[in-house]
Amino acid sequence: QVQLVESGGGLVQAGGSLRLSCAASGRTFSRYAMGWFRQAPGKERETVAAISGSGRSTYYIDSVKDRFTISRDNVKATMYLQMNSLKPEDTAVYYCAAKDLGNRSWSVLRVENQYDYWGQGTQVTVSS
């Protein structure tokens with residue numbers, strides 16, 4: 001089992017940057033495929049980005065591909081989301097999620113239902 005804690009959210013102006021962090025505790029971090037999700041007011045939760053246990057494979061939703069970067073540090077047991085050129089439509093609560101895949105360190109999980117563990121979320125607000 002793993003516990004996840006997000007941090008790094010806040011209020012920024014359009015065009016600004018934020019880096020979100022997701023710190024994990026529990027089993028060996030490299031066993032977990034990880035993902036970032038967000039939920040805006042009145043909207044369904046959506047996948048933003050995902051990363052394999054090894055960190056060598058990633059996925060991004062089209063709207064953030066040129067602006068966001070997902071990464072992980074398996075020594076520090078932390079996943080990151082670097083968000084640049086932020087837009088008001090990026091405003092949402094951002095969640096990290098994990099799935100224990102054991103030795104399947106190459107697998108990227110794109111679907112919300114595939115994840116077992118979730119953080120509490122961190123608010124990102126982008127003003128125009």
Side-chain angles (χ1 to χ4, degrees):
Q1 199 165 359
V2 64
Q3 289 185 308
L4 307 172
V5 180
E6 302 97 335
S7 62
L11 174 64
V12 297
Q13 294 187 16
S17 298
L18 284 174
R19 188 177 76 157
L20 305 184
S21 298
C22 175
S25 62
R27 308 288 283 185
T28 304
F29 188 56
S30 61
R31 295 173 58 92
Y32 295 90
M34 302 290 295
W36 285 102
F37 299 80
R38 68 186 181 189
Q39 188 165 23
K43 302 292 185 180
E44 295 291 319
R45 187 156 63 186
E46 65 178 350
T47 306
V48 178
I51 190 166
S52 62
S54 68
R56 293 194 294 270
S57 298
T58 59
Y59 161 81
Y60 299 92
I61 191 172
D62 285 346
S63 62
V64 309
K65 278 183 177 178
D66 57 340
R67 299 182 295 121
F68 291 8
T69 302
I70 189 171
S71 62
R72 65 192 294 160
D73 185 333
N74 285 344
V75 175
K76 295 182 178 179
T78 303
M79 177 181 65
Y80 305 95
L81 186 67
Q82 178 66 48
M83 305 186 294
N84 299 325
S85 301
L86 283 161
K87 304 174 180 180
E89 50 263 46
D90 295 317
T91 295
V93 177
Y94 283 71
Y95 301 88
C96 66
K99 171 72 173 181
D100 187 355
L101 295 181
N103 62 2
R104 290 202 288 131
S105 62
W106 41 264
S107 183
V108 177
L109 305 182
R110 296 175 171 85
V111 180
E112 177 180 345
N113 291 343
Q114 295 177 295
Y115 290 89
D116 295 325
Y117 304 101
W118 293 82
Q120 296 184 56
T122 185
Q123 176 71 231
V124 172
T125 303
V126 184
S127 62
S128 60

Enquirer: Taking atom types as modelled, is there a side-chain donor on Thr28 or Ser30 under 3.5 Å from an acceptor on the other?
Expert: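 There is no such pair between these side chains.
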
Enquirer: First locate atom OG1 of Thr58, then atom CZ of Arg72, and finally report the distance between them rounded to the nearest 0.5 Å.
Expert: 12.0 Å

Enquirer: Do the non-hydrogen side-chain atoms of Arg31 and Leu101 ever get within less than 4.5 Å of each other?
Expert: no

Enquirer: Do Val124 and Ile61 land in one hydrophobic cluster if side-chain heavy atoms of ILVMFWY residues count as linked below 4.5 Å?
Expert: yes

Enquirer: Quick one: does Arg104's side chain have a donor or acceptor within less than 3.5 Å of a partner on Asp100's backbone?
Expert: no

Enquirer: Let me see the working for Met34 and Ile70 under side chain to side chain contact (heavy atoms under 4.5 Å, CB included), right down to the final yes or no.
Expert: CA-CA 10 Å; Met34 302 290 295; Ile70 189 171; 5.7 Å; no

Enquirer: Find the distance between OG (Ser25) and CD (Gln1) and round it off to the nearest 0.5 Å.
Expert: 9.5 Å

Enquirer: Minimum heavy-atom separation for Val108 to Ala50, with atom names?
Expert: CG1-CB, 3.7 Å

Enquirer: Give me the atom names and distance for the closest heavy-atom approach of Val2 to Ala98.
Expert: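 The answer is CG1-CB, 4.2 Å.
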
Enquirer: Drop me the distance from Phe29's CZ to Asp73's CG, to the nearest 0.5 angstrom.
Expert: 8.5 Å

Enquirer: Is it the case that atom CD in Gln3 sees more than 12 heavy atoms from other parts of the structure closer than 6.0 Å?
Expert: no

Enquirer: Does one hydrophobic cluster hold both Tyr60 and Ile51, with members joined at side-chain heavy-atom distances below 4.5 Å?
Expert: yes

Enquirer: Determine whether the side chains of Arg38 and Tyr94 contain a donor N or O and an acceptor N or O closer than 3.5 Å.
Expert: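 Note: Arg38 and Tyr94 side chains meet the donor-acceptor criterion.
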
Enquirer: Please round to the nearest 0.5 Å and tell me the distance separating atom CZ of Arg19 and atom OG of Ser7.
Expert: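 The CZ atom of Arg19 sits 9.0 Å away from the OG atom of Ser7.
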
Enquirer: Counting C-beta onward and ignoring hydrogens, is there a side-chain heavy-atom pair between Cys96 and Met79 closer than 4.5 Å?
Expert: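 They are in contact (side-chain heavy atoms under 4.5 Å apart), so the answer is yes.
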
Enquirer: Strictly distance-based, threshold 3.5 Å: is any side-chain N or O of Thr78 a donor or acceptor partner for the main-chain N or O of Lys76?
Expert: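 Between the backbone of Lys76 and the side chain of Thr78 there is a qualifying donor-acceptor contact (under 3.5 Å).
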
Enquirer: How close do Ala24 and Leu4 get, heavy atom to heavy atom, and via which atoms?
Expert: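 Closest approach of Ala24 to Leu4, heavy atoms only: CB-CD2, 3.8 Å.
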
Enquirer: According to a hydrophobic-cluster definition based on side-chain heavy atoms being under 4.5 Å apart (Ile, Leu, Val, Met, Phe, Trp, Tyr only), do Leu20 and Val12 belong together?
Expert: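 Result: yes, single cluster for both.
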
Enquirer: For Asp66, does the CG atom have more than 12 heavy-atom neighbours from other residues, nucleotides or ligands under 6.0 Å away?
Expert: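 More than 12 within 6.0 Å, yes.
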
Enquirer: Check whether any side-chain N or O of Tyr115 sits under 3.5 Å from a backbone N or O of Arg110 as a donor-acceptor pair, and report yes or no.
Expert: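 No, Tyr115 side chain to Arg110 backbone: no donor-acceptor pair under 3.5 Å.
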
Enquirer: For Tyr117 and Tyr32, take the angle between the two ring planes, folded into 0 to 90°, and tell me which bin it lands in: parallel under 30, tilted 30 to 60, perpendicular over 60.
Expert: perpendicular

Enquirer: Can Leu109 be reached from Tyr95 by stepping across I, L, V, M, F, W or Y side chains whose heavy atoms are under 4.5 Å apart?
Expert: yes

Enquirer: Test your reading of the model: is there a side-chain donor-acceptor pair from Ser105 to the backbone of Ser54, 3.5 Å cut-off?
Expert: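 Pair absent, no side-chain N/O of Ser105 close to backbone of Ser54.
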
Enquirer: Give the table of side-chain donor-acceptor pairs shorter than 3.5 Å for residues 80-88, with sequence neighbours excluded, one pair per line with atom names and distance.
Expert:
| from | atom 1 | to | atom 2 | distance (Å) |
| --- | --- | --- | --- | --- |
| Gln82 | NE2 | Asn84 | OD1 | 3.0 |
| Asn84 | OD1 | Ser17 | OG | 2.9 |

Enquirer: When rounded to the nearest 0.5 angstrom, what distance separates CD in Gln13 from CG in Leu11?
Expert: 8.0 Å

Enquirer: In Å, rounded to the nearest 0.5 Å, how long is the span from CD of Gln123 to CD of Glu6?
Expert: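 Gln123 atom CD to Glu6 atom CD measures 12.0 Å (nearest 0.5 Å).
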
Enquirer: Flag the pair Phe68 / Trp36 as yes when their ring centroid distance falls below 6.0 Å, and as no otherwise.
Expert: no

